[in-house]
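Single-structure report; data block below.
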2 protein chains.
Amino acid sequence: MTDDKVSAAENEQINFGVLDCLLGYKLRRAQMVFFDSFSAACSDLGISPGLFGVLVVVKENPGLTQTAVAKALGNDRSAMVAVVDRLESMELIERRPSKKDRRSYALYMTPHGKTFFNGLLERVRAHEDELCQYLESGEKKQLLDMLDRFPR
Amino acid sequence: MTDDKVSAAENEQINFGVLDCLLGYKLRRAQMVFFDSFSAACSDLGISPGLFGVLVVVKENPGLTQTAVAKALGNDRSAMVAVVDRLESMELIERRPSKKDRRSYALYMTPHGKTFFNGLLERVRAHEDELCQYLESGEKKQLLDMLDRFPR
DNA sequence: TATTGTTATACTCTATAACTATA
DNA sequence: TATAGTTATAGAGTATAACAATA
């Protein structure tokens, strides 16, 4: 196939119709970009966006139960089991038996987890800054503010 | 459990730490809200956000191949097979043998598909407007513009 | 050789229901 | 009776590799 003679169907621009003004579609596309970028930056450390969220919440709120972390992040508590298993096997967080309620665990970040998290956070910030180059000064704040307004 | 005496761990506000200023996290949360709203509005019609995207692209670009639609929407062509099967079984689109290339199909929306799409679009617009109540005048345009700038 | 549609496969994520031990 | 963690399970969604037909 030559460069100056490609079929119309291949060369033609796609018409996205109503998708071009649908927030749901644009949010999904943008989120895919961020997801891929995050993965490229952190997958060699074994951390996905979902695992990162759990790490942050456990770090900032030591002693929370699995169910409380799941609720905070909008996940189901059944899905937390494998996540906590994995983060515990990486020795980043630990389950401690709750003293008040023998049904539940209190989650804590380990000392190694805190060190690991510092390096991880550098990667995450770099990935974030990389993508924020497409925003003008002040726009990131506007964007975060708008995204925060959609109710859960 | 009484209302005025709940445990600190349950009542305490969660500290989201760095997540509060990470676009990737906020985009995911917002997208989940839109996804759930879309599903609530359209799932009884058997249409998910992903199927809707395919419908729009086929409607606006009659005659595209499956691979071209997949590329436009950022999906893998192998995933298109089940999607087109389903939309064809709903008699919304149809595969026609391509005249130029006997390997591929040209995709078209059926007359029934066009009628169906009009009703579907009303639902989608209502769902979009419902969520846009949380944005001030002019902000939706700003938001779409910013989301569009992140490169694919 | 390369590409289209297809199949098989697998992996992640997510959601539901049911079980146990505790409350 | 209700809840926490767990398990099993199933459904999306997504990605890879390979194949037959065709280019």
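Because only heavy atoms are used, hydrogens play no part in the values below, and waters and symmetry mates are left out as well, while side chains stay in. So that the names make sense, note that chain A is the first sequence line, chain B the second, and so on, each numbered from 1.
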**Q.** Between D:dA23 (P) and B:K100 (NZ): distance, integer Å
**A.** 13 Å
Q: Round to a whole Å and report the spacing from CG of A:D85 to P of D:dA8.
A: 12 Å
(Q) Just N and O in the side chain of A:R95: are any of them under 4.0 Å from OP1 or OP2 of D:dT6? (A) yes
Q. Toward the 5' end of DNA chain D, which comes first, A:D76 or A:M32, by nearest nucleotide?
A. A:D76
Q. When you measure from the side chain of B:S48, which nucleotide among D:dA4, C:dT6, D:dG13 comes out closest?
A. D:dG13
**Q.** Euclidean distance, atom NZ of residue A:K99 to atom C1' of C:dT22 [Å, nearest integer]
**A.** 19 Å
Q) Starting at the 5' end of DNA chain C and moving along, which residue's nearest nucleotide shows up first, A:R103 or A:G74? A) A:G74
Q. Would the B:F117 and B:F52 ring centres measure less than 6.0 Å apart?
A. yes
Q) Out of D:dT22, C:dG5, C:dT14, which has the shortest distance to the side chain of B:Q66? A) C:dG5
Q) Is the shortest distance from a Lys or Arg side-chain nitrogen in A:D145 or A:R149 to a carboxylate oxygen in the other one below 4.0 Å? A) yes
(Q) Could you tell me how far apart A:M80 (CE) and D:dT3 (P) are, to the nearest whole angstrom? (A) 19 Å
Q: Identify which nucleotide among C:dT4, C:dT6, D:dG5 has an atom closest to any side-chain atom of B:V81, counting heavy atoms from C-beta outward.
A: C:dT6
Q: Would you mind telling me which of D:dT14, C:dT14, C:dT4 lies closest to the side-chain atoms of B:R77?
A: C:dT4
Q. Taking atom P of D:dA12 as reference, at what distance in whole Å does atom CG of B:L51 sit?
A. 10 Å
Q | Closest nucleotide among D:dT22, C:dA23, D:dT14 to the B:D101 side chain | A | D:dT22
Q. When you look at NZ of B:K140, are more than 12 heavy atoms from neighbouring residues, nucleotides or ligands closer to it than 6.0 Å?
A. yes
(Q) Is it true that, when you exclude B:R86 itself, more than 12 heavy atoms of the residues, nucleotides or ligands shown sit nearer than 6.0 Å to its CZ? (A) no
Q. Closer to the 5' end of DNA chain D via nearest nucleotide, is it A:V84 or B:P49?
A. A:V84
(Q) I want to verify a distance call: between D:dG5, C:dT22, C:dA15, whose nearest atom is closest to the A:S78 side chain? (A) C:dA15
(Q) Measuring to OP1 and OP2 of D:dT22, would you say a side-chain N or O of B:R102 lies under 4.0 angstrom away? (A) yes
Q: Could you check which of D:dA4, D:dT14, C:dT14 has an atom nearest any side-chain atom of A:T65?
A: D:dA4
Q | Test: B:D44 and B:R123 ion pair at under 4.0 Å | A | yes
